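Notes follow once the structure below has been shown.
When a ligand or atom number is given, it counts from 1 through the structure's own listing order. Count residues from 1 along the sequence. Being a predicted model, the structure only gives us computed values, none of them experimental.
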Amino acid sequence: MRQFNESATSRRLFLQFLAASPLIGSAVHEALAVDAAQVPPRLPDPISWGPLNVDGLIKSPQEALSVFDFELVARQKVPPAHFGKVATGSDDEFTMRANRADFAKVRLLPRRLRDVSKPDSSITLFGVQWDSPVFICPAGASRAMHPDGDVGVSKAAEAGKHLQILAASVSTSIEDCMAARGGTPIWFQLYPQYGFEITKDIIARAERRGAPVLVLTIDMPVSPNFETLERLTRLDHQTCTNCHQTPAGGPTAAEMLSRPHYASIPPERYKTISSSPVKLDWDFVRRLRDATKMKVVLKGIIAPEDAALCVKYGFDGMIVSNHGGRAGDFGTSSISVLPEIVAVVKGKIPILVDSGFRRGMDVIKALAMGATAVGICRPYLWGLGAFGQAGVERVLEILRTETRVAMAQAGAPSLKDLVPAMIHVDQV
Ligand SMILES: Cc1cc2nc3c(=O)[nH]c(=O)nc-3n(C[C@H](O)[C@H](O)[C@H](O)COP(=O)(O)O)c2cc1C
């Protein structure tokens, strides 16, 4: 069986390699197309012994051994264009791969003979306690994965008492998501791109509806080149507008303005605004910060210099993130820049981190480096696409279990026992 899987995997990798060559023609593409119809085309790293045909995929969330099991099922169940939206990175996806590969360069030295019989993985952020250091990243994609959508994600997050950040671009209101969580506050994420007055208005509504923290995502000054999305969209023969108003090229003005968080944008202004974004700079985000009582966290910090400015200008926190390899293909993983950022921030504000986290062991490496919490995005979207809310619940359960197991293995009864002295990073 192992031999069979290995040769089948090698065959597919070989075909993919050949297909990438402009000299090898359509025969290989045809072979790949047949292959793609049988099995999901991309096997993520630890699944090399995973199922290679649809019959071998997990049939229920409980069968999953790791979060990776859900990606294959989501690939099978979700329309290719929707799956492509989640799968894509930018350009050659070097950054997306670095987000995973760089965990192998981070080594952790476990401590022995400590009582780890009851690992406590809770964190406190801005005075609120969460049962797990793993948080739900904002993503405007839940409804495209499953009808359970953002409400399903919220219920799953509540089941494990995880912090959740809701994207402003979703079509579910923050109050509906909070209601699904029995009133637990949810952080609100926004791309500040609509001009000061309008953005201030969107923020004020979120504040009135009970969001305690505003997350401003600052890593998307322009639309990225999402080739995987484009290629998978070409495989999708459905007519987008049969099911939803949003055409493949993005939302129409009417659709955008029907989304609950954007209702304050005057319709006649949306088109102009969306085609000519604001001048997004430090001054702009500082003015927004001063216009709200919410805590304000900047998402998308990679350079230590920007982390220093974030502290200098009095922001309440930051998320070290390259948007899951979607905000430019610089090749810089989040985990590789974390130690330098921790060094400049010096504990003055909390550092959250995301991009490429898939295992409890990944989570504790970042916490040992000095992060307070770790975000995941694609794993819960895979869970959602595969099995709806139940899939998200299981993804989060796996990560909670893996995190506690990793803590015990590292000799850390609580998260404060994870310290930089445990970390050795290989030089690249
Ligand atoms: C489909 C999709 C949609 C996303 N939408 C948003 C968004 O609306 N706002 C945002 O700040 N980040 C967005 N992100 C980025 C995530 O919040 C997060 O930074 C990143 O995906 C984490 O990496 P991971 O997917 O490897 O876990 C999105 C990511 C994906 C995959």
Side-chain angles (χ1 to χ4, degrees), residues 44-45 67-68 70-71 74 78-79 81-90 93 95-103 134-146 149-150 153 162-172 174 186-193 202 213-221 223-224 226 228-229 232-233 246 250-251 256 259 261-262 280 297-302 318-328 332-335 352-359 362-363 366 371 373-385 392 395-396 399:
D45 38 358
V67 302
F68 294 102
F70 295 93
E71 181 177 17
V78 172
H82 293 195
F83 184 82
K85 184 177 159 97
V86 172
T88 199
S90 50
E93 302 183 342
T95 312
M96 196 171 79
R97 285 192 293 275
N99 281 339
R100 293 293 308 132
D102 283 357
F103 282 111
V134 174
F135 69 89
I136 297 276
C137 287
S142 298
R143 275 255 304 262
M145 295 305 274
H146 193 277
D150 300 293
V153 174
H162 293 263
L163 165 65
Q164 177 187 6
I165 306 177
L166 188 74
S169 59
V170 299
S171 41
T172 317
I174 196 162
I186 293 176
W187 295 12
F188 181 74
Q189 175 272 331
L190 184 73
Y191 292 105
Q193 60 192 13
I202 299 170
V213 178
L214 170 69
V215 175
L216 295 175
T217 301
I218 53 170
D219 58 12
M220 282 282 180
S223 299
F226 281 165
T228 293
L229 168 60
L232 287 182
T233 301
T246 316
M256 192 67 195
R259 295 181 185 181
H261 303 112
Y262 291 123
L280 183 56
V297 167
L298 296 184
K299 176 172 183 281
I301 299 286
I302 287 292
M318 72 184 72
I319 306 184
V320 174
S321 169
N322 58 32
H323 220 108
R326 299 158 78 87
T332 316
S333 66
S334 289
I335 195 74
L352 290 75
V353 61
D354 73 28
S355 297
F357 289 81
R358 305 288 181 263
R359 293 277 185 188
D362 305 337
V363 172
V374 169
I376 55 142
C377 190
R378 292 188 184 86
Y380 81 80
L381 292 173
W382 299 333
L384 186 66
V392 186
V395 162
L396 293 173
L399 289 171

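- Ring centroids of Phe357 and Phe103 are separated by less than 6.0 Å, placing the two rings close together.
- At a heavy-atom distance under 4.0 Å, only side-chain atoms of Tyr191, from C-beta outward, approach ligand 1.
- In terms of protein heavy atoms, atom 21 (O) of ligand 1 is closest to Cys377 CB, 3.2 Å.
- Counting only heavy atoms of the protein, atom 15 (C) of ligand 1 lies nearest to His323 CD2, 3.2 Å.
- Sparse packing is recorded around CZ of Arg143, with 12 or fewer heavy atoms of other residues, nucleotides or ligands lying under 6.0 Å away.
- Of the candidates Lys299, Arg358, Gln189, it is Lys299 that places a heavy atom closest to atom 12 (N) of ligand 1.
- Here Arg100 pairs with Asp362 in a salt bridge; the nearest charged N to carboxylate O distance falls below 4.0 Å.
- Remark: ligand 1 and Cys137 share no N or O pair separated by less than 3.5 Å (distance only, no angle test).
- The backbone N or O of Thr332 sits less than 3.5 Å from a side-chain atom of Asn322, completing a donor-acceptor pair.
- With hydrogens and angles ignored, the 3.5 Å screen pairs no side-chain donor or acceptor of Ser321 with any backbone N or O of Gly300.
- At least one N/O-N/O distance between Gly356 and ligand 1 falls below 3.5 Å.
- Between Pro138 and ligand 1, at least one pair of N/O atoms sits closer than 3.5 Å.
- Protein heavy atom at the shortest distance from atom 20 (C) of ligand 1 is Gly324 N, 3.5 Å.
- We find the CZ-CE distance between Arg378 and Met96 to be 5.5 Å, quoted to the nearest 0.5 Å.
- In the vicinity of Lys85, heavy-atom distances shorter than 4.0 Å reach the ligand 1 atoms 1 (C).
- The backbone N or O of Ile174 lies less than 3.5 Å from a partner atom in the side chain of His261, making a donor-acceptor pair.
- Residue-ligand proximity, Ala141 to ligand 1, at heavy-atom distances under 4.0 Å covers atoms 1 (C).
- Applying the 4.0 Å criterion to heavy atoms of Ala167 picks out, from ligand 1, the atoms 8 (O).
- Side-chain atoms of Tyr380 come within 3.5 Å of backbone atoms of Cys137 as a donor-acceptor pair (strictly under, hydrogens ignored).
- When non-hydrogen atoms are compared, ligand 1 lies under 4.0 Å from the side chain of Ser321 (C-beta onward) but not from its backbone.
- The contact set between ligand 1 and Thr217, taken as ligand atoms under 4.0 Å from a residue heavy atom, comprises 10 (C), 11 (O).
- Residue nearest to atom 22 (C) of ligand 1, selected from Leu381, Thr88, Val170, Asp354: Asp354 (by heavy-atom distance).
- Contact record, Leu229 with Thr88: N-OG1, 3.3 Å, taken as the closest heavy-atom pair.
- Residue contacts with ligand 1: Arg326 is placed with no nitrogen or oxygen under 3.5 Å of a nitrogen or oxygen of the ligand (distance criterion only).
- The aromatic rings of Trp382 and Phe68 are tilted relative to each other, their planes meeting at an angle between 30° and 60°.
- For atom 3 (C) of ligand 1, the closest non-hydrogen atom on the protein side is Ala139 CB, 3.6 Å.
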